[in-house]
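Comments concern the structure below.
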Amino acid sequence: MEFNHVSVLLEEAVGQLQVRPDGIYVDGTLGGGGHAREVCRRLGPSGRLIGIDRDADALRAAGERLAEFSDRVRIVKNNYCNIREVLSELGIDRVDGILLDLGVSSHQLDQADRGFSYREDAPLDMRMDRGQTLDARTIVNEYPEEELFRIIKTYGEERFARSIARNICRARERAEIRTTFELVEVIRNSVPAKVRNSKGHPARRTFQAIRIECNRELEALRTALDNMVDLLADRGRLCIITFHSLEDRMVKQSFREKENPCTCPPDFPVCVCGRRPLGRVITRKPILPGIEETEGNARARSAKLRVFERII
């Protein structure tokens with residue numbers, strides 16, 4: 001299946017990177033290479049782009065899409081949370097910009113056998129890296145009820161999380177839940193009829209929660225946030241596009257702490273903790289997609305772009 005993905009906030013994100021022709025940039029969620037290609041178009045012959053992704057399908061598609069820029073692109077199969085190790089192996093100490101697009105690609109959602117979509121019947125999978133052991137089937141069939149409840153409630157912000165977790169456990173006692181549609185049926189039977197028939201699919205939040213758990217998405221972001229700003233050169237920028245409220249809050253809080261890391265009590269006349277700002281928050285409010293983009297791409301509606309600039 002051809003790797004199709006519409007890059008969200010393309011011009012806004014790449015524009016905020018302020019790409020220099022001779023700079024070094026990292027796309028930590030390379031995907032199909034949409035954002036990366038726009039960065040490469042602004043690089044000169046001495047510029048470099050490091051593209052990181054853990055999805056082999058994405059890497060193949062990006063390699064083809066970026067073929068004309070092969071002299072300035074290096075593609076690495078890895079998780080962006082390991083960005084420090086990736087750059088170290090390439091002999092790179094600092095970069096001029098880092099971009100993350102934390103959305104699931106259209107290709108992953110639309111390719112039925114990946115098991116990401118509640119609209120296609122497929123084996124429960126949801127792994128972004130098919131080489132990893134943990135998959136959605138394991139989570140659904142082996143996690144204790146309380147853990148399922150926590151995941152669905154926290155990551156999916158699902159108000160019927162308790163009922164869904166309980167019914168998943170009851171259903172799997174009768175037979176293992178193996179497919180997306182089997183899971184969808186359990187979810188449908190766990191929510192009130194008026195919710196099942198309302199706008200929006202009743203399984204959306206639960207599938208989102210299981211996907212986040214399966215791929216350790218919040219853990220990856222938390223680890224990366226602690227490393228990425230340190231890897232930026234002076235005036236280098238970190239641009240992050242989120243699609244989930246938990247991710248957005250993590251990014252917002254991290255940026256604020258890096259701008260003002262002082263831990264002294266507010267009534268202290270001078271700072272004595274010794275913590276100094278690492279830079280400044282560029283986006284006091286997130287940059288959102290315009291009406292034209294959201295009308296053309298429904299998946300862009302929840303996107304938010306936040307930007308931090310390193311100052312050394």
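Hydrogens, waters and symmetry mates are skipped; everything else that's a heavy atom, side chains included, is used. Please read these numbers as outputs of a predicted model, since none were measured by experiment. Quick note: residue numbers are just sequence positions, from 1.
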Full working for side chain to side chain contact (heavy atoms under 4.5 Å, CB included) between F308 and T283: CA-CA 7 Å; F308 185 88; T283 48; over 6 Å; no
Pair E157-S245, side-chain donor/acceptor within less than 3.5 Å: yes
Minimum heavy-atom distance between V272 and C264, given as atom pair plus value: N-SG, 3.1 Å
salt_bridge(R178, E182) N-O dist < 4.0 Å: no
Step-by-step side-chain hydrogen bond (donor to acceptor under 3.5 Å, both in side chains) determination, T29 to D101: CA-CA 6 Å; T29 50; D101 174 354; 5.5 Å; no
K77 atom NZ: more than 12 heavy-atom contacts under 6.0 Å: yes
K258 and D226, any side-chain heavy atoms less than 4.5 Å apart: yes
Heavy atoms of other groups near E292 CD, more than 12 under 6.0 Å: no
Side-chain touch N167/S190, heavy atoms, less than 4.5 angstrom: yes
SB check R235 D96 (cutoff 4.0 Å): no
Worked verdict on Q208 versus R211 for side chain to side chain contact (heavy atoms under 4.5 Å, CB included): CA-CA 5 Å; Q208 171 184 276; R211 187 206 78 221; 4.3 Å; yes
Side-chain heavy-atom pair L100, M228 within 4.5 angstrom cut-off: yes
Test log, rule side chain to side chain contact (heavy atoms under 4.5 Å, CB included), inputs E146 and R162: CA-CA 9 Å; E146 280 302 314; R162 177 64 69 188; 2.6 Å; yes
4.5 Å side-chain heavy-atom contact, M126 and R114: no
Pair D129 + R127: basic N to acidic O under 4.0 Å: no
Chi angles and distances behind the salt bridge (Lys or Arg N to Asp or Glu O under 4.0 Å) call for R306, D248: CA-CA 8 Å; R306 294 188 185 272; D248 182 59; 2.7 Å; yes
Salt bridge flag under 4.0 Å for residues R41 and E38: yes
Path from V95 to I50 over hydrophobic side-chain contacts below 4.5 Å: yes
For the student: nearest non-hydrogen atoms of V14 and H35, plus distance: CG2-O, 3.9 Å
Salt bridge present between E185 and R188 (N-O < 4.0 angstrom): no
4.5 Å side-chain heavy-atom contact, V281 and V307: no
From CA spacing to verdict: salt bridge (Lys or Arg N to Asp or Glu O under 4.0 Å), E11, R42: CA-CA 12 Å; E11 292 297 329; R42 304 181 187 203; 3.3 Å; yes
Residue pair P289 / A303: nearest heavy atoms and the distance that separates them: CD-O, 3.3 Å
Stepwise salt bridge (Lys or Arg N to Asp or Glu O under 4.0 Å) test for E142 and R172: CA-CA 9 Å; E142 297 183 12; R172 73 191 192 190; over 6 Å; no
Short side-chain donor-acceptor distance under 3.5 Å, E217 and Y155: no
Neighbour count above 12 (heavy atom, 6.0 Å) for R94 CZ: yes
Within 6.0 Å of CZ in R275, more than 12 heavy atoms from elsewhere: no
Test item: V8 and R299 side chains (from C-beta on) under 4.5 Å apart, heavy atoms: no
Shared hydrophobic cluster for V195 and I187 (ILVMFWY, side-chain gaps under 4.5 Å): yes
Side-chain heavy-atom pair K304, I287 within 4.5 angstrom cut-off: no
Y25/R48 under side chain to side chain contact (heavy atoms under 4.5 Å, CB included): CA gap, chis, key distance, verdict: CA-CA 6 Å; Y25 297 87; R48 297 179 67 184; over 6 Å; no
Residues, nucleotides or ligands: over 12 heavy atoms within 6.0 Å of I291 CD1: no
Closest contact, heavy atoms only, L148 versus C169: CD1-SG, 4.0 Å
Heavy-atom pair with the smallest gap, counting every atom of F116 and F207: O-CD2, 3.6 Å
Q16 vs E12, side-chain hydrogen bond (donor to acceptor under 3.5 Å, both in side chains): CA-CA, chis, key distance, verdict: CA-CA 6 Å; Q16 286 294 329; E12 294 87 345; over 6 Å; no
Within 6.0 Å of CZ in R196, more than 12 heavy atoms from elsewhere: yes
Derivation of the salt bridge (Lys or Arg N to Asp or Glu O under 4.0 Å) call for D125 and R137: CA-CA 6 Å; D125 193 331; R137 181 172 170 178; over 6 Å; no
Side-chain ion pair, E259 and R276, N-O less than 4.0 Å: no
Side-chain heavy atoms of I139 within contact of C214, under 4.5 Å: yes
Stacked cation flag R119 on F181, 6.0 angstrom / 45 deg: no
Heavy-atom pair with the smallest gap, counting every atom of A161 and I152: CB-CG2, 3.7 Å
Short side-chain donor-acceptor distance under 3.5 Å, D22 and S46: no
